[in-house]
Amino acid sequence: MVDYISGLNEPQRQAVMHGNGPLMIIAGAGSGKTRVLTYRIAYLIENGVDPFRILALTFTNKAAGEMRHRIEKVVGNEARNIWMGTFHSVFAKILRIEARAIGYTSNFSIYDTDDSKSLLRSIIKEMGLDDKVYRANNVFGRISGAKNRLIGPDDYLNNPVIQADDASARMPEIGRIYKQYSLRCFQANAMDFDDLLFNTNVLFRDHLDILHKYQHKFQHVMVDEFQDTNVSQYLITRKLAAVHQNICVVGDDAQSIYAFRGANIENILNFQRDYGKENVKIVKLEQNYRSTKTIVQAANSIIARNKNQLEKHVFTDNEDGPLIEIIKASSDNEEGRLIASSIFEAKMNDSLINNDFAILYRTNAQSRAFEEALRKVSIKYRIIGGLSFYQRKEIKDLIAYLRFTVNQNDEEAFKRIINLPKRGIGDTTVAKIAVLAAEKQESIWGIVSEITKHVAGRAGIAIEGFADLIKSFMLLLDKKDAFEVASHIAKASGLLKELYEDKTVEGLARYENVQELLNAIKEFVDNPENDDKSLGAFLQTVSLLTTADEKEDDGDNDKVTMMTIHAAKGLEFKYVYIVGLEEDLFPSQMMLESRNDLEEERRLFYVAITRAEKRLTMSYAETRYNYGRLKVCEPSRFLMEMDQRYLKMSRMRSISQESHGYERPEREVRDRTETPSGGSMSFVRSLAQRTAQRQAPQPTSTHTPSADFAPSDTSKLAPGMKVEHLKFGFGIVKSMDVNGTERKATIQFDTAGERTLLLSFAKLRIV
DNA sequence: TCAGATAACGTTTTT
DNA sequence: CGTTATCTGA
């Protein structure tokens with residue numbers, strides 16, 4: 001047996017060895033939380049608890065997989081039997097088993113956010129509402145918020161506070177949209193992400209026999225990242241633990257960063273109230289084993305400003321470590337270059353590998369500059385998040401076929417594939433079918449599958465072809481496994497053929513992606529852990545995958561990791577770069593506008609800082625492109641809020657490019673002359689000045705060339721080359737020279753003269 | 001019905 | 001800048 005107890009500190013040991021009864025572990029960043037949870041589960045199993053009767057809920061599939069892996073190391077194969085996964089995946093599984101009780105079939109579809117929004121757009125249109133007023137994004141947010149608070153459509157309509165709220169937002173019809181949306185999802189035999197939790201609550205509320213079954217089944221319930229659970233999730237766990245009262249929650253209020261999704265820190269307070277203060281054992285893990293003193297203390301200095309938090313003192317016995325370096329870059333691209341060269345140097349000097357580094361940013365869109373810069377110095381990287389494999393068009397298309405084959409009520413899948421590949425069925429025909437279905441009180445498939453009875457002529461024949469195709473797919477479902485069905489569908493639907501005939505680079509990539517999806521299905525089928533190998537089972541798994549779960553596609557796994565701070569939760573890296581520390585970006589503009597709560601942004605910053613073990617570097621850019629516009633930026637107020645004793649202003653590099661004849665905006669020039677060459681105090685003063693000037697924002701000039709467009713001295717242009725798509729940012733391209741990935745172009749500025757520039761990413765079409 | 005051109009628009013984080 | 005919705009002519 002592995003001795004895992006002796007290496008623990010006192011509170012950790014208490015948490016691991018706590019027997020029955022409610023347990024709340026408040027675990028500071030880097031305090032060995034996963035370790036404790038892992039060992040606790042192992043400890044329970046060793047003390048006779050059946051793994052089948054342990055339910056462990058995590059936040060990501062990856063975290064679940066990792067934990068299972070670690071438990072396996074201690075207790076062996078038995079770890080496989082633990083019910084472990086995200087809330088969404090575990091309860092999707094239970095809903096699949098119990099679907100009939102709430103009027104669904106076990107083949108229900110799971111709508112992703114795109115499906116939901118698309119359905120909402122249809123509903124808004126059908127109701128004759130102005131889609132400028134009722135924007136799908138907005139409406140979806142309201143409905144999602146309601147569901148997470150367990151407010152159904154009728155509750156929503158009957159709640160005077162909510163109604164008043166919607167009215168004052170000039171969207172009084174949201175309640176009716178919500179009701180229609182729920183109905184349509186139900187008719188489509190589909191659930192969105194929030195429904196997976198909402199309907200689990202409904203299931204447990206209305207079917208006590210089912211509730212009892214699971215209450216007795218799960219002897220121990222564990223919840224990781226408890227600070228990020230919402231009301232809906234909390235109630236599920238509370239119900240499940242009601243019989244045995246063995247509920248263990250692990251969380252850190254200082255790392256609560258999902259309030260936007262309905263997460264509720266008050267769950268931590270509710271927990272004590274619900275189980276009785278005297279019954280709840282509380283353990284605080286406050287010693288950080290991960291980071292240097294500098295990093296821990298700097299992180300503490302950030303959340304010290306927050307009012308809403310539990311009392312906790314995270315400390316460390318680790319060494320002081322280097323100061324936190326702050327790099328100031330003149331543009332986002334320069335920021336990329338500086339970070340890339342910093343990583344390059346650090347790798348050399350400190351003999352590290354790519355895996356030791358992470359670049360963390362606030363928004364996914366920021367990754368581009370770093371990708372380009374890292375590629376230039378040949379450093380491998382991986383990006384977590386952003387556009388997922390499963391969100392690509394060609395993948396969604398095939399999945400829509402699969403979904404519709406399994407569930408013919410799936411309206412969103414139907415809309416996607418009815419005319420794909422093109423088979424002469426346009427919007428008019430689809431609308432006709434929808435009307436017909438409504439008139440005859442039939443489902444859409446009811447009409448489509450017997451179309452010859454209803455529609456004659458060309459359109460009728462086209463639809464009949466489609467219906468026959470689907471029918472032939474449906475016949476396979478019971479006979480073949482997911483892989484066989486899917487590869488048949490890919491071929492017979494014509495999707496694969498269409499992509500194969502597309503010989504462009506993108507077409508080739510798409511074809512490969514579809515093959516990749518088929519490989520994934522093959523793997524699913526071959527995996528002995530999956531007992532249900534049907535297509536329906538695969539689809540439910542796949543809908544809940546995130547990019548964090550996607551596997552590496554090549555053999556080389558030593559890569560710099562880039563991701564949003566949200567995605568970095570639970571991870572750690574030796575050297576961490578927090579980039580894009582600019583006002584409006586981090587903290588984000590939206591948070592600043594809603595004003596009431598910078599606390600969550602601070603916690604986010606806290607999470608980012610505490611990912612670092614040894615060294616932390618932060619950077620900001622003075623100008624940045626967004627939506628093709630050049631934007632002048634301020635350094636983030638977070639840099640000021642942090643205890644200045646831990647900061648070191650990096651010497652500015654590569655600013656010489658700017659003195660090539662272009663005027664920087666006035667304020668920039670003045671700032672530079674007033675700022676001596678570094679030193680943290682002058683840095684602070686300069687920050688203070690900038691922040692004070694913030695009230696009167698500078699007009700963002702779209703005609704100001706940035707350092708990215710520094711003139712190139714090797715201005716030998718291919719003469720006479722004409723260029724189409726002339727407009728580029730703030731000027732017109734007159735001629736250009738393409739040399740590999742680099743493009744040199746002569747640009748006629750809107751206001752100033754003519755210059756030769758180096759373009760790295762402009763897409764221009766040469767004629 | 002559809003391709004190709006043009007206009008409009010988005011601006012956080014994720015299961 | 002990129003994506004998506006809308007328009008236009010065949």
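Proteins get letters first, then strands, A, B, ... in listed order; numbering begins at 1 in each.
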- Centroid-to-centroid, A:H566 to A:Y361, below 6.0 Å? no
- Task: Mind checking A:F586 for me? I need base, sugar-phosphate or nothing, with any heavy atom below 4.0 Å counting as a touch.
- Result: nothing
- Query: NA contact type, A:D112, heavy-atom cut-off 4.0 Å: base, sugar-phosphate, or nothing?
  - Reply: nothing
- For atom NZ of A:K125 and atom C1' of C:dT4, their distance in whole Å: 12 Å
- Within this structure, what is the CG-to-C1' distance between A:D131 and C:dT6, rounded to whole angstrom? 12 Å
- Message: Is the phosphate of C:dG2 approached by A:N626 (side-chain N or O, under 4.0 Å from OP1 or OP2)?
- Response: no
- Rounded to the nearest angstrom, tell me the gap between atom OH in A:Y234 and atom C1' in B:dT15. 21 Å
- Task: Identify, with sequence neighbours excluded, every residue that meets salt bridge (charged side-chain N to carboxylate O under 4.0 Å, His left out) alongside A:D114.
- Result: A:K396
- Should A:K132 be listed as having a side-chain N or O under 4.0 Å from OP1 or OP2 of B:dA8? no
- Task: Check whether any side-chain N or O of A:T113 sits under 4.0 Å from OP1 or OP2 of B:dT15, and answer yes or no.
- Result: no
- For A:Y234, all residues meeting ring pair (Phe, Tyr, Trp, His ring centres under 6.0 Å), sequence neighbours excluded: A:F226
- Query: On DNA chain B, nearest-nucleotide positions of A:G426 versus A:F140: which is more 5'?
  - Reply: A:G426
- Task: Using atom CG of A:N419 as one end and atom C1' of B:dC2 as the other, report the distance to the nearest whole Å.
- Result: 9 Å
- A:N407 and A:S109: side chain donor to acceptor below 3.5 Å: yes
- Item | Short side-chain N/O contact to B:dT14 OP1/OP2 from A:T60, under 4.0 Å | no
- Item | Rounded C1' spacing from B:dT13 to C:dT4 in Å | 23 Å
- Item | Rounded distance (Å) that lies between atom P of B:dT15 and atom CG of A:N230 | 14 Å
- Considering only heavy side-chain atoms of A:H88, the closest of B:dT15, B:dA3, C:dA5 is B:dT15
- Message: Measuring from the side chain of A:F260 (C-beta onward, heavy atoms only), which nucleotide among B:dT1, C:dC1, B:dT14 has the closest atom?
- Response: B:dT14
- Does OP1 or OP2 of B:dT1 have a side-chain N or O of A:R458 closer than 4.0 Å? no
- Phosphate OP1/OP2 of B:dG10: any A:R135 side-chain N/O under 4.0 Å: yes
- Check the distance between C:dC7's C1' and A:D427's CG and give it to me in whole angstrom. 14 Å
- Item | N/O (side chain, A:N137) to phosphate O (OP1/OP2, B:dT11) under 4.0 Å | yes
- Query: Think A:T363 has a side-chain N or O under 4.0 angstrom from the OP1 or OP2 of B:dT11?
  - Reply: no
- Query: Does A:N364 make a side-chain N or O approach to OP1 or OP2 of B:dT14 shorter than 4.0 Å?
  - Reply: yes
- cation_pi(A:R602, A:F605) dist<6.0 Å, angle<=45: no
- Winner on side-chain proximity to A:T564, out of B:dC2, C:dG2, B:dT14, is B:dT14
- Query: Does A:A365 or A:T429 map to a spot on DNA chain B nearer the 5' end, using the closest nucleotide for each?
  - Reply: A:T429
- Lys/Arg cation over aromatic A:F59: A:K569, 6.0 Å, 45° cone: yes
- Task: Starting at atom CG of A:D115, determine the distance to atom P of B:dT15, rounded to an integer number of angstrom.
- Result: 16 Å
- Counting side-chain heavy atoms from CB outward, which of B:dT14, B:dT15, C:dG2 is closest to A:H566? B:dT14
- Atom-to-atom span, CG of A:L544 to C1' of B:dT14 - whole angstrom: 12 Å
